[in-house]
Amino acid sequence: IEFKSAHDPKMLVSVGLNGLWLDEADRMKSEAWHGNLRARVSDKIGWVQATTTPLGRTWTYSAF
């Protein structure tokens, strides 16, 4: 298990992930998901759990 911050999306480049839990996903920059994390989970056909406090129609509305 690893814990990382999405404060700087460029720092999220890594190997493939089997699973991913995004906490407060609406507060993350969309480039964190679209630019890095989605590809990491797709590499291994992994799972994603996203929990958040809704902030309206942000990037999570269209992505999930």
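All residue numbers in this chain count up from 1 along the given sequence.
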Shortest non-hydrogen contact between K29 and H7, atoms and distance: NZ-O, 3.8 Å
Expected list for residues 30-41: side-chain donor-acceptor pairs under 3.5 angstrom, two or more places apart:
| unit_1 | atom_1 | unit_2 | atom_2 | d |
| --- | --- | --- | --- | --- |
| N36 | ND2 | P9 | O | 2.6 |
| R40 | NE | S14 | O | 3.0 |

Polar side-chain atom of T60 near backbone of D26 as donor-acceptor pair, under 3.5 Å: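 Such a contact is absent between T60 side chain and D26 backbone.
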Y61, OH: over 12 other non-hydrogen atoms inside 6.0 angstrom: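 Count not over threshold, so no.
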Heavy atoms of other groups near W21 CH2, more than 12 under 6.0 Å: no
Straight-line distance of T52 OG1 to F64 CZ, nearest 0.5 Å: 10.0 Å
Rounded distance [0.5 Å steps], CZ in R27 versus OG1 in T58: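 Going from CZ on R27 over to OG1 on T58, the span is 10.0 Å.
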Criterion side-chain contact (heavy atoms from CB on, under 4.5 Å) on T53 and E24, from CA distance to verdict: CA-CA 6 Å; T53 304; E24 290 299 342; 3.2 Å; yes
